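Shown next, in structure tokens, is the structure this report addresses.
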There are 4 protein chains.
Amino acid sequence: MASEGVRRRGPKFRRRSEARPDEVLDAALALFVEKGFAATRVEDIAARAGVSKGTVYLYFPSKDAVLEGLVRRGILPIAESAIEKFGNLEGDPRIILASAIRMLGSRFSDPEVRAIPKVVLREVVSFPHLAEMYRREVLDHVIPVVVSLIERGIAEGYMRPVDPELTVRSIVGPLVLHVVLAEVFGVVPKGGVEIEKLIDNHLSILFDGLSADAVKAE
Amino acid sequence: MASEGVRRRGPKFRRRSEARPDEVLDAALALFVEKGFAATRVEDIAARAGVSKGTVYLYFPSKDAVLEGLVRRGILPIAESAIEKFGNLEGDPRIILASAIRMLGSRFSDPEVRAIPKVVLREVVSFPHLAEMYRREVLDHVIPVVVSLIERGIAEGYMRPVDPELTVRSIVGPLVLHVVLAEVFGVVPKGGVEIEKLIDNHLSILFDGLSADAVKAE
Amino acid sequence: MASEGVRRRGPKFRRRSEARPDEVLDAALALFVEKGFAATRVEDIAARAGVSKGTVYLYFPSKDAVLEGLVRRGILPIAESAIEKFGNLEGDPRIILASAIRMLGSRFSDPEVRAIPKVVLREVVSFPHLAEMYRREVLDHVIPVVVSLIERGIAEGYMRPVDPELTVRSIVGPLVLHVVLAEVFGVVPKGGVEIEKLIDNHLSILFDGLSADAVKAE
Amino acid sequence: MASEGVRRRGPKFRRRSEARPDEVLDAALALFVEKGFAATRVEDIAARAGVSKGTVYLYFPSKDAVLEGLVRRGILPIAESAIEKFGNLEGDPRIILASAIRMLGSRFSDPEVRAIPKVVLREVVSFPHLAEMYRREVLDHVIPVVVSLIERGIAEGYMRPVDPELTVRSIVGPLVLHVVLAEVFGVVPKGGVEIEKLIDNHLSILFDGLSADAVKAE
DNA sequence: CATGAATGAGAATTCATTCAT
DNA sequence: GATGAATGAATTCTCATTCAT
């Protein structure tokens with residue numbers, strides 16, 4: 001525009017790739033996160049994806065289907081990646097757990113990653129099967145891995161005999177709340193939102209407890 | 001138009017008027033929790049409240065205002081109750097904390113109590129001021145109380161020197177996640193959802209840590 | 001209000017007179033002129049009249065009836081007053097006409113007097129019988145008086161042989177347009193809206209014509 | 001809600017799209033004249049234009065905008081046509097004036113032409129900016145032309161020294177009143193509504209006055 | 001394949017009118 | 001007589017979906 005009349009060589013006429021449906025999903029995700037499903041018009045999605053309304057319907061039979069496709073696409077990589085990574089490691093499970101938590105934290109720092117659970121959380125009332133899908137595809141895979149890690153920790157004497165399933169809540173809950181407080185309510189600690197500090201503090205309490213050693217000795 | 005046709009409308013039955021707004025809010029809360037704000041029609045609210053559509057508008061200028069009124073009404077009692085109860089107690093802050101957590105747990109067991117935060121959480125994208133209101137009226141009052149309890153715990157040697165603000169997440173997070181998993185995703189531990197077990201497990205870890213004593217001694 | 005605590009003696013507790021319906025009509029007229037019939041709510045009328053909505057319906061069976069009553073009330077005095085005044089005078093009819101025009105002008109200066117025709121003009125599409133009523137009760141009485149005045153003027157040699165009925169338009173039209181331009185479109189002559197100047201100019205043209213005498217002699 | 005029930009809607013028939021807004025405006029104008037703005041439903045407009053409700057909103061953001069578009073469209077051609085035609089002619093301004101009045105009369109005979117000012121006149125209370133627009137675009141262009149014509153007439157000795165601005169009312173007022181009486185109140189002279197007769201009578205009085213020559217000589 | 005004009009069910013909101021108190 | 005809470009028909013406006021081009 002600025003250099004009118006001058007044409008640079010190169011792939012100037014890159015034809016839109018075959019990634020159309022993905023572009024639609026990207027646009028939809030951004031909008032659903034920003035305004036919610038109900039307040040997002042199909043036309044908005046189309047505009048943001050750079051296509052026409054009709055094109056959205058070319059790839060998705062309905063607006064609902066866009067949401068569903070979105071969640072489906074966002075779910076797949078998860079069950080695969082993290083689980084295999086931490087599922088079969090040997091050694092002190094607390095090290096593994098800490099490492100996993102740190103990874104979870106860093107992934108949660110990416111708004112793109114938070115997007116899907118956020119949308120699911122919001123729209124679950126209107127689309128119960130989304131939650132079910134999310135649970136089936138993500139939670140049902142991830143939680144057992146953590147549970148068995150704890151079980152091994154207890155069995156091998158690294159951990160006290162806690163309830164493994166309930167302990168999962170103690171492990172992940174603080175992270176979730178931290179993000180919710182910051183994102184939804186704007187509650188930010190004096191030190192800032194950087195999740196690393198939270199995780200340090202969390203791990204310290206998680207493993208060693210809040211009580212002072214002196215008191216603990218009592 | 002005006003001169004043609006005769007309109008014949010009016011009240012069918014009358015009732016007291018004092019509790020009317022509250023009845024509307026009750027109906028709205030139930031429906032917002034059940035179906036979400038967007039999917040709830042004003043007529044639904046009216047029907048559930050046993051009044052007509054027009055009556056809803058007699059007390060609330062818009063559907064949005066119903067939601068706002070709902071949150072406002074649900075928020076008021078909170079800041080008052082819990083805080084005074086635990087804000088000024090003396091003695092081991094861990095005892096107080098444990099007691100407060102148990103109280104919070106029992107209150108969270110009541111779906112009526114969970115209703116407001118649930119709705120706020122869901123509709124916050126469309127109504128950011130609701131979140132701000134909730135933060136201002138609830139969180140900004142409750143969190144400092146917990147923070148200062150922890151500060152005192154540290155100062156008086158009951159607790160290790162943790163970051164008090166971040167520790168709030170470690171204290172409440174597990175409860176929140178427990179409820180979210182159960183309610184939203186239907187993830188229920190083998191032992192059931194009763195929150196008491198969760199709290200026992202949580203408190204044990206919170207105060208004494210996950211690590212086995214033997215390992216801790218290392 | 002300013003002299004709180006001090007009560008002046010006198011008819012302090014004047015009970016509302018039996019003029020209720022008139023107060024309602026006054027309120028309605030003011031509002032209909034200001035916002036139009038459709039945009040005026042019965043509640044507005046009631047509020048302005050200092051009564052409740054129900055009371056309006058105590059005196060008028062419907063909102064339409066208020067408008068009708070308004071026009072009816074405003075019409076009655078007209079047919080009586082002006083007509084008898086100018087209908088039977090003797091002498092140069094031009095003097096009488098000029099005098100009548102000046103009176104009409106001064107009456108038109110009063111917004112209260114303009115109010116009824118203004119409302120009728122506006123609402124005539126929705127309430128054709130109002131226009132008919134106005135014509136029957138006002139125009140059909142007033143126009144013939146003017147017509148016969150002109151007829152006498154022609155017969156007695158005061159006026160040229162014009163069409164009396166059409167000439168009524170030439171007599172009153174300029175006044176009407178002057179008011180419409182000023183009120184509706186805000187078109188005001190440099191000299192201001194005072195109707196006296198307009199009437200002077202109008203009468204001069206009406207009786208003596210626009211053409212210069214020299215040209216007329218041609 | 002969204003996930004339950006299948007909605008199956010869409011176009012039934014297609015037509016060219018260029019003239020669509022004009023068709024809507026035509027329909028709206030007819031209905032606004034016939035029943036008034038308030039009593040005309042958007043659906044009526046759509047039906048009369050042979051399109052669906054939604055199509056009206058495709059071209060106009062609101063019902064108000066239809067009215068505004070209507071007036072805007074109706075106003076444009078006016079300022080152009082008549083003015084250039086009579087603004088620069090030389091010779092006896094009375095001839096020009098008479099010619100202009102006759103043209104105005106013949107245009108006013110067309111109900112289509114009367115339609116816009118009629119609607120503006122009626123709805124001006126609810127939409128003051130319409131009147132302003134009409135004044136700015138029509139009256140502020142037309143009136144000065146007439147005024148300067150009169151000024152020239154006076155300067156060149158064709159007319160008596162009247163107030164040009166006020167005289168505009170004397171020139172146009174009779175026509176306006178004639179139309180209002182006929183259209184609004186059904187007051188029709190014995191000879192019928194044909195405006196030619198009125199104009200003949202009007203011009204005769206306008207230029208030569210109502211007074212008989214004998215009397216004038218006095 | 002893409003487009004976007006057209007459709008029309010649906011939902012929020014208004015307000016004239018009624019009638020128990 | 002007065003009141004004003006309650007009603008619900010009517011209307012504007014939105015937007016998911018279709019389909020001729």
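By convention in this document, chain letters (A, B, ...) are assigned in the order of the sequence lines, proteins followed by strands, and residues within each chain are numbered from 1. Predicted model only: the values in this text are computed from it and were never measured.
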Q. Do the side chain of A/Lys53 and the base of E/dT3 come within less than 3.5 angstrom through a donor-acceptor pair of N or O atoms?
A. no
Among the nucleotides E/dG4, E/dA6, E/dA11, whichever has the atom closest to the side chain of B/Arg41 is E/dA11
Here the distance between atom C1' of E/dA12 and atom CD1 of B/Ile45, to the nearest Å, is 11 Å
Between CZ of B/Phe60 and P of E/dA12 the distance, given in whole Å, is 15 Å
To the nearest angstrom, the CG-P distance between B/Leu31 and E/dA12 comes to 12 Å
**Asked** Counting just side-chain N and O atoms, does D/Tyr59 come under 4.0 Å of either OP1 or OP2 of E/dA5?
**Response** no
Residue pair D/Gly54/C/Pro61 against DNA chain E: nearer the 5' end by closest nucleotide is D/Gly54
When A/Ala38 and D/Val42 are each assigned the nearest nucleotide of DNA chain F, the 5'-most assignment goes to D/Val42
Are any non-hydrogen side-chain atoms of A/Leu25 and A/Val66 less than 4.5 angstrom apart?
yes
To the nearest angstrom, the CD-P distance between C/Glu23 and F/dA2 comes to 11 Å
Atom CG of D/Asp44 and atom P of E/dG8 are separated, to the nearest Å, by 16 Å
Between CG of D/Leu58 and P of E/dG4 the distance, given in whole Å, is 12 Å
The residue among D/Val71, D/Leu70, D/Ile75 that forms side chain to side chain contact (heavy atoms under 4.5 Å, CB included) with D/Val120 is D/Val71
Looking only at side-chain N and O atoms, does B/Thr55 come under 4.0 Å of OP1 or OP2 in F/dT7?
-> yes
Atom OH of B/Tyr57 and atom P of E/dT14 are separated, to the nearest Å, by 7 Å
Worksheet entry | Any B/Glu68 side-chain heavy atom under 4.5 Å of B/His129 side chain | yes
Tell me whether the side-chain N/O atoms of A/Ser52 come closer than 4.0 Å to OP1 or OP2 in E/dT3.
yes
- Message: Please tell me if C/Arg20 has a side-chain N or O lying less than 4.0 Å from either OP1 or OP2 of F/dG1.
- Response: no
| message | In the structure I gave you, are the side-chain heavy atoms of D/Phe185 and C/Val124 within less than 4.5 Å of one another anywhere? | response | no
Requested in this report: Decide side chain to side chain contact (heavy atoms under 4.5 Å, CB included) for C/Val33 and C/Glu112; before the verdict, give the C-alpha distance in whole Å, the side-chain angles of both, and the deciding distance to 0.1 Å.
Outcome: CA-CA 10 Å; C/Val33 167; C/Glu112 296 265 315; over 6 Å; no
* Establish, with yes or no, whether the OP1 or OP2 oxygen of E/dA16 is under 4.0 angstrom from a side-chain nitrogen or oxygen of C/Lys63. => yes
Writing each nucleotide of DNA chain F 5' to 3' as (, ), [, ], | or . by Watson-Crick or G-U pairing under 3.5 Å yields .||||||||||||||||||||
For this session: Would you indicate whether the side-chain heavy atoms of C/Phe37 and C/Asp64 approach each other to under 4.5 Å?
Result: yes
Taking E/dT3, E/dT13, F/dT17 as options, the one with an atom nearest any side-chain atom of A/Val51 is E/dT3
Smallest heavy-atom separation, B/Val125 atom then A/Gly36 atom, equals CG1-N, 3.8 Å
